[in-house]
Amino acid sequence: MHRIVFLGPPGAGKGTQAAELARELGIPHLSTGDLLRAAAAARTPLGLAAEDHINAGRLVPDDLVLRILGERLARPDARAGFLLDGFPRNLPQAEALGRVTPLDAVVSFDVDPEEIVRRLSDRRVCPQCQSVYNLSSRPPQAAGRCDKDGTSLVQRSDDRPEAVATRLKVYAEQTAPLLQFYRERGLLRPVNARGSPDQVTRRVRSLIP
Ligand code: AP5
């Protein structure tokens, strides 16, 4: 069974690698960021409550995140394994997850702050299909347009410098303590997330039996 968590600072490449690994293992890629942004785009009450927190780079309150993730984890496709990307983000979330399911591995992404800022400032996303690009490391074939559906690419509102600074601070204060939490439980598998996306894919793959 593959019950995997990807842990790491914003822009470390978790989403990029999660999409690859989940496809290869045949398990769903569950990103709380994607679920929250989809709820906000659909103007649901939960999404509207989350939106200001996301745009400012703060964590969305635990009760909202636990509700949206709980509903997703309960769907049949997650029974045979899952890859959690961006959850848990603090100790209460890790404890809540532990009450619901055991885990098999927690892969932690290690990359320098300067590289994170570079990756985030160059990230562009498709608002239609959520594909992720990068002006330097993964440019679209036609400038400014999604390869899959031709939609104009946009910058995420929380990839602007003020929000990035908040996200890095939130990561250091609230999420980084989870490294020790999972190390103590024998689940932590650190990965060097520097280098090209393909190099990182090979390193991640070697950590998952
Ligand atoms: P979320 O969407 O989870 O954002 P994040 O954790 O900050 O992570 P990112 O999506 O920014 O980065 P990533 O590591 O996935 O990098 P990516 O692969 O895209 O959360 C957003 C917000 O939602 C939070 O701030 C919070 O408000 C809320 N939220 C979400 N979960 C929550 C929770 N559990 N509790 C409370 N609130 C929650 O890569 C980044 C860029 O780099 C891309 O352009 C990519 O193409 C490029 N790239 C990737 N790999 C490489 C490489 N090896 N070399 C060069 N470029 C690369």
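As the structure lists them, so they are numbered: ligands from 1, and atoms in each ligand from 1.
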Please state which part of [X] comes within less than 4.0 Å of ligand 1, counting heavy atoms only: side chain, backbone, both or neither.
X      : result
Pro10  : both
Arg194 : neither
Val132 : side chain
Leu69  : neither
Asp122 : neither
Ser31  : neither
Arg37  : side chain
Arg156 : side chain
Val65  : side chain
Phe109 : neither

Considering only the protein, which heavy-atom contact is closest to [atom], and what is its distance?
atom                    : result
atom 15 (O) of ligand 1 : Gly15 N, 2.8 Å
atom 3 (O) of ligand 1  : Arg89 NH1, 3.2 Å
atom 46 (O) of ligand 1 : Asn134 CB, 3.5 Å
atom 19 (O) of ligand 1 : Arg123 NH1, 2.7 Å

Just jot down the ligand 1 atoms closer than 4.0 angstrom to any heavy atom of Pro197, in number order. 51 (C), 52 (C), 53 (N), 54 (N)

Proximal atoms of ligand 1 relative to Arg58 (non-hydrogen, under 4.0 Å):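 Under 4.0 Å from Arg58, ligand 1 has these atoms: 26 (C), 27 (O).
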
[X] touching ligand 1 at heavy-atom level, < 4.0 angstrom:
X      : answer
Gly195 : yes
Gly8   : no
Tyr133 : yes

Could you state the interatomic distance from NE2 (His53) to OG1 (Thr166), rounded to the nearest 0.5 Å? 13.5 Å

Can you tell me how far CZ of Phe82 sits from CZ of Arg72, rounded to the nearest 0.5 angstrom?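 Taking CZ in Arg72 and CZ in Phe82, the distance rounds to 11.0 Å.
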
Looking only at distance, does Thr16 have an N or O less than 3.5 Å from an N or O of ligand 1?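 Indeed, backbone or side chain, Thr16 has an N or O that close.
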
Here's a test for you: under side-chain contact (heavy atoms from CB on, under 4.5 Å), which of Leu84, Val191, Leu21 qualifies with Phe6?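 Exactly one option meets the side-chain contact (heavy atoms from CB on, under 4.5 Å) with Phe6, and it is Leu21.
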
Result for side-chain contact (heavy atoms from CB on, under 4.5 Å) between Tyr133 and one of Asp122, Asp147, Val125 points to Asp147

Determine, considering heavy atoms only, which of Ala50, Ala18, Gly13 sits nearest to atom 16 (O) of ligand 1.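 It is Gly13 whose heavy atom sits nearest to atom 16 (O) of ligand 1.
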
Under 3.5 Å, side chain of Arg123 to main-chain N/O of Gln155, donor-acceptor pair present?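 No: the side chain of Arg123 does not pair with the backbone of Gln155.
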
Distance only, no hydrogens: is a donor on one side chain within 3.5 Å (strictly under) of an acceptor on the other, for Arg145 and Ser152?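 Present: a donor and an acceptor within the cut-off.
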
